[in-house]
Engineer: 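Before I ask anything, let me first share the structure, which is written out below as structure tokens.
Note that the structure is a prediction, hence the values are computed from the model and not measured. Ligands are counted one by one from 1 in listed order, and the atoms in each one are counted from 1 as well.
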Amino acid sequence: MAKATRSSIQCCRIVLIMIWVLLAQYQIPISSISVEPKGGERSCRERERDALLSFKASIEDPSDVLSSWQTGQDCCRWRGVVCSNRTGHVVKLDLHNNFTIFNYDYNTDMINYKFRMLGGEIGPSLLAIEHLNYLNLSYNDFGHKRIPEFIGSFKNLKYLDLSYAGFGGSIPPQLGNLTKLLHLDLSFNSLESVDYVSWLPRLSSLKYLDMSEVNLSTTVDGVHALNMLPASLRVLYLFDCNLNATFSSLPLYSSNLTSLVRLNLGYNYFHGPIPDGLLRNMTSLKELGLQSNDLIGDIAELMKRLPPKIEELDLSTNNLTGSLPIRLEHMTSLRYLYLYNNSLNGHIPSGIGKLTNLRGLDLSFNNLLGIISENHFASLTRLEELYLSNNNNLTMVVDPNWIPPFKLKYVDLSSCNLGPHFPTWIRSQTDIIDLIMSNTGIVDRLPDWFWNVISSVEYLDLSLNQISGVLPSTLEFLSAAYEINLNSNQFHGGVPKLMMSLQVLDLSNNSITGTVPLSMCNQVQSLEILDLSHNRLSGQLPQCLTSRKSFRADHGDLTLIGSKLSIVSFSNNSLSGEFPLFFRSCQYLNFLDLSYNDFYGSLPIWIGKRLPQLAFLLLRSNMFSGYIPIQLAKLDYLHVLDLAHNNLSGTIAPSLVNFTAMTTVSSYGSYYVPDFISMLVVTKGQALEYYTNTIISLMSSLDLSSNCLTGKIPEEIGGLATLKNLNLSGNRLTGDIPETIGGLWSLESLDLSNNELYGEIPPTLSNLTFLSYLNLSYNNLSGVIPSGQQLQTFDDPSIYKGNNDLCGPPISKNCSGDGTTLNYPLKYEDGNEMSSFYLSMGLGFAVGLWVVIGPLLFKRTWSAAYFLFIDNIFDKIYVFMVLNWARLIANIRKK
Ligand SMILES: *[C@@H]1O[C@H](CO)[C@@H](O)[C@H](O)[C@H]1NC(C)=O
Ligand SMILES: *[C@@H]1O[C@H](CO)[C@@H](O)[C@H](O)[C@H]1NC(C)=O
Ligand SMILES: *[C@@H]1O[C@H](CO)[C@@H](O)[C@H](O)[C@H]1NC(C)=O
Ligand SMILES: *[C@@H]1O[C@H](CO)[C@@H](O)[C@H](O)[C@H]1NC(C)=O
Ligand SMILES: *[C@@H]1O[C@H](CO)[C@@H](O)[C@H](O)[C@H]1NC(C)=O
Ligand SMILES: *[C@@H]1O[C@H](CO)[C@@H](O)[C@H](O)[C@H]1NC(C)=O
Ligand SMILES: *[C@@H]1O[C@H](CO)[C@@H](O)[C@H](O)[C@H]1NC(C)=O
Ligand SMILES: *[C@@H]1O[C@H](CO)[C@@H](O)[C@H](O)[C@H]1NC(C)=O
Ligand SMILES: *[C@@H]1O[C@H](CO)[C@@H](O)[C@H](O)[C@H]1NC(C)=O
């Protein structure tokens with residue numbers, strides 16, 4: 001999980017999904033609301049039908065959801081319309097978008113989901129439906145329009161759900177007129193209601209209120225504001241409502257919300273200690289969510305104050321400290337206990353094994369330590385979710401013959417010590433859906449029973465162990481799997497045949513051999529991420545042409561199978577052949593790493609046309625030759641172009657150095673990019689490992705070093721204002737360093753060494769205020785080394801070495817009064833000799849660098865990158881979101 005990154009795109013997506021799940025998770029049926037069922041006899045009233053038709057006319061319905069709404073037909077039979085079987089009046093209007101987003105194929109789902117949304121204007125004609133008691137417009141998109149005021153006039157309304165409907169602005173206080181309302185859900189729009197005290201207390205019958213993500217910051221003080229909520233409430237969800245301005249800590253004990261059964265105040269940035277009397281009067285409380293606030297305090301103290309019948313407790317992502325109390329074993333009503341991402345320490349009391357109702361336990365990302373034994377699970381017969389990952393030092397010690405009382409569905413034990421033997425208790429866990437055991441110290445052969453046991457797995461992660469064995473030739477029997485991650489183990493064998501559901505396959509850093517099979521051509525129709533880097537694959541990639549039928553030779557254009565691939569790494573194998581046609585149909589390809597292989601031939605111009613989403617193209621250390629096609633400049637999202645250590649020739653065309661993403665601050669393409677694929681970027685003289693999403697903010701790089709490029713450095717290069725790493729070293733570039741180089745003002749690393757550049761070093765170089773690495777050695781540069789600003793910090797003379805006519809600090813040669821070099825014959829000759837010595841050594845060195853010290857650098861920087869990223873608090877938050885995402889999805893399935 002070190003592989004966390006900060007992409008806000010990714011983050012938003014996760015938040016969105018989380019929120020969705022949360023919402024769905026908490027949507028309990030409201031049995032008290034009786035909607036009269038659709039009757040067969042009565043047909044609808046003309047006045048109401050006209051009102052509905054006029055409503056339909058004002059609404060936007062791109063996918064024709066309301067196709068059944070036709071003039072001259074019985075409106076009681078229309079989709080979403082329910083009439084009273086007694087009176088024939090329309091009583092219920094349920095127009096929520098019922099497209100299910102949770103079948104893993106996020107991008108396609110999103111398109112379908114959006115397509116089914118209603119939008120446009122909600123006209124007041126609806127008011128003619130006087131007997132309406134149920135209105136649901138959720139999961140549509142009304143384009144940030146305000147909630148129409150007239151909704152306050154449906155005086156019979158008992159149920160109103162406007163969640164996820166794209167409403168904006170302030171909530172009309174007219175809603176306060178809906179005095180019969182039992183259920184109100186306004187969550188996840190872009191709403192605010194700083195004056196909620198003016199209307200909310202009037203909803204005196206309200207039992208269910210969800211205003212999650214409504215901005216409720218108000219000037220009223222905390223206790224007072226809570227007392228403004230209807231005391232009738234049983235369910236209250238105020239998730240991410242900006243309440244921090246109102247409540248400095250939680251004054252729940254003094255509110256009159258004494259009937260509450262479910263309460264969630266997560267993501268409100270409450271801070272400070274938990275007050276003594278917390279929840280004193282909420283004796284019926286069964287569910288409490290205070291996750292992602294900033295609560296400080298001792299977990300044992302807090303648990304003392306909880307109502308005895310608490311069933312679901314989510315205090316995750318706070319600053320709670322201390323050890324889990326022994327008395328936890330008496331909280332036998334507990335069904336879900338989520339305490340992840342706090343600072344809990346000490347041992348996990350084995351009494352937890354007495355919580356017979358426990359279904360979900362998440363203690364991950366704390367500082368817990370010690371041994372976990374069979375006792376910890378003694379009576380946990382109902383346990384389905386177990387998350388203990390990323391603690392200080394948890395070791396699971398159980399008898400090899402232990403058969404657990406539970407059948408887990410979701411398990412994450414990453415970074416717990418489970419080894420060295422493969423845990424045999426897994427054998428009884430035949431219901432497993434998510435199995436995550438990354439970095440658990442297993443040094444063992446994968447047992448033969450393993451694949452049969454996990455046949456219903458959807459997400460499998462055994463990465464970072466030393467598990468050996470031959471992979472089965474097919475994994476098609478794992479028919480529900482969408483992600484398999486076995487990276488950094490010792491698996492042998494060929495690339496297995498895969499199930500069509502698979503979206504992510506990471507087999508990197510094993511000993512996989514053979515060629516990439518032809519079957520991969522079909523698999524790329526579902527596969528989005530494919531990482532086979534650091535293996536021993538050889539041969540060419542398949543070409544993936546379609547069948548004869550769609551082969552249109554007359555067009556000279558081969559139709560290719562559509563592919564969903566967005567991230568692909570074949571780095572560090574022994575693959576060969578020309579640039580693979582395999583990628584020609586990968587229109588969503590964002591990241592392509594073919595570095596450290598034996599590919600050859602020219603770079604095809606279709607890369608620029610066929611791969612419009614490409615943000616990372618890494619072809620380092622191959623044998624590509626010919627020109628660099630200027631069409632690459634058409635790749636609007638290209639952040640990292642690494643063509644170093646090939647045999648590319650020709651000039652650097654002015655129209656090539658015109659990459660939009662290196663010119664302006666820009667983002668990825670529209671597609672979702674996960675974070676965990678890493679790449680090496682050689683910058684500042686060393687190789688650093690970056691993850692796909694961090695690279696956007698940390699790095700944009702153009703590396704054409706160690707090729708055979710000739711001609712001048714084009715002036716246009718100065719336009720790459722957001723470029724951070726430029727390496728053109730080890731070519732045969734001539735001419736001046738263009739003055740425009742001063743326009744590369746984001747540049748952190750500039751290497752022009754080992755070329756044939758001449759003339760003076762342009763003073764504009766001192767404009768590069770972020771520059772921390774510079775290497776101009778082994779050229780024919782002359783004149784005074786410019787000083788001032790950032791250049792002053794480069795006091796290592798070796799970066800100017802091998803330029804005989806340079807003078808001034810930091811090199812020892814003085815300049816004459818007119819700025820030309822003082823010619824000391826002896827020294828000059830010395831320098832000359834030395835420079836040719838260094839030149840020849842430098843060339844060999846540059847070429848051999850990767851072979852010799854690359855691996856060393858790699859290992860060292862890997863761990864450096866690890867800490868760099870985990871240190872970042874934002875990343876941390878993100879990690880938890882990712883983890884929770886899986887867990888939350890688990891929840892929705894469960895309900
Ligand atoms: C009419 O509605 C009532 C409840 O309101 C229900 O019990 C009854 O079965 C319904 N009758 C028909 C014919 O649907
Ligand atoms: C509805 O509420 C508004 C403002 O809250 C108020 O001015 C209006 O009189 C109310 N209408 C009815 C019919 O109660
Ligand atoms: C809550 O209680 C206070 C004092 O007991 C009372 O003044 C207030 O009206 C109550 N609020 C609601 C919404 O019932
Ligand atoms: C809450 O409980 C405390 C002590 O049990 C009592 O003094 C207080 O009046 C109660 N508050 C309400 C609003 O019921
Ligand atoms: C490969 O796996 C080993 C452990 O099996 C690990 O030490 C090493 O860092 C991994 N290398 C990469 C590139 O992931
Ligand atoms: C750079 O790209 C822009 C449009 O993206 C184009 O207008 C301009 O002519 C290009 N510059 C060169 C030197 O090709
Ligand atoms: C120097 O950098 C600034 C931005 O910091 C930029 O606006 C300016 O054009 C640069 N000067 C030169 C000579 O490139
Ligand atoms: C500068 O470049 C030369 C030649 O490419 C290389 O030998 C030398 O190590 C580099 N200097 C530094 C400080 O990285
Ligand atoms: C390539 O993989 C091998 C192990 O398979 C590893 O030792 C080496 O460091 C890797 N090279 C690069 C450049 O990542």
Engineer: Under a 4.5 Å cut-off applied to non-hydrogen side-chain atoms, are N485 and L462 in contact?
Structural biologist: no

Engineer: Tell me the protein heavy atom at minimum distance from atom 2 (O) of ligand 6, and give that distance in Å.
Structural biologist: N658 ND2, 2.3 Å

Engineer: So, do T663 and T722 sit near enough that their side-chain heavy atoms are less than 4.5 Å apart?
Structural biologist: no

Engineer: So, regarding S753 and ligand 8 (criterion: nitrogen or oxygen to nitrogen or oxygen, under 3.5 Å), is there a contact or not?
Structural biologist: yes

Engineer: Please check if the number of heavy atoms outside E716 that lie under 6.0 Å from its CD is greater than 12.
Structural biologist: yes

Engineer: Side chains of I713 and L752: does their closest heavy-atom pair fall under 4.5 Å?
Structural biologist: yes

Engineer: State whether the side chain of N646 and the backbone N or O of F624 hold a donor-acceptor pair below 3.5 Å, judged by distance alone.
Structural biologist: yes

Engineer: Give the numbers and elements of all ligand 8 atoms closer than 4.0 Å to a heavy atom of N754.
Structural biologist: 4 (C), 5 (O)

Engineer: Do any N/O atoms on N572 end up under 3.5 angstrom from N/O atoms on ligand 9?
Structural biologist: yes

Engineer: Using a strict cut-off of 4.0 Å, indicate which atoms of ligand 9 neighbour a heavy atom of H534.
Structural biologist: 1 (C), 2 (O), 10 (C), 14 (O)

Engineer: Under 4.0 Å from any heavy atom of S777, which atoms of ligand 8 are there?
Structural biologist: 1 (C), 2 (O), 3 (C), 4 (C)

Engineer: Could you establish whether S729 and ligand 8 come within less than 4.0 Å of each other, counting only heavy atoms on the residue side?
Structural biologist: no

Engineer: Taking only heavy atoms of N775, which atoms of ligand 8 are found under 4.0 Å from at least one of them?
Structural biologist: 1 (C), 2 (O), 3 (C), 8 (C), 10 (C), 11 (N), 12 (C), 14 (O)

Engineer: Which atoms of ligand 8 have any heavy atom of Y773 under 4.0 Å away?
Structural biologist: 10 (C), 11 (N), 12 (C), 14 (O)

Engineer: Look at atom 5 (O) of ligand 6 and say whether a protein heavy atom is found at less than 4.0 angstrom from it.
Structural biologist: no

Engineer: Is atom 9 (O) of ligand 6 close to the protein, meaning a heavy atom under 4.0 Å from it?
Structural biologist: no

Engineer: Check for a donor-acceptor pair, side chain of N731 on one end and backbone N or O of C708 on the other, with a separation under 3.5 Å.
Structural biologist: yes

Engineer: Verify the neighbour count for atom OH of Y627: are there more than 12 heavy atoms of other residues, nucleotides or ligands below 6.0 Å?
Structural biologist: no

Engineer: Can you sort out which atoms of ligand 6 are near S655, meaning under 4.0 Å from one of its heavy atoms?
Structural biologist: 14 (O)

Engineer: Can you tell me if N573 uses its side chain to pair, donor with acceptor, with the backbone of L575 under 3.5 Å?
Structural biologist: no

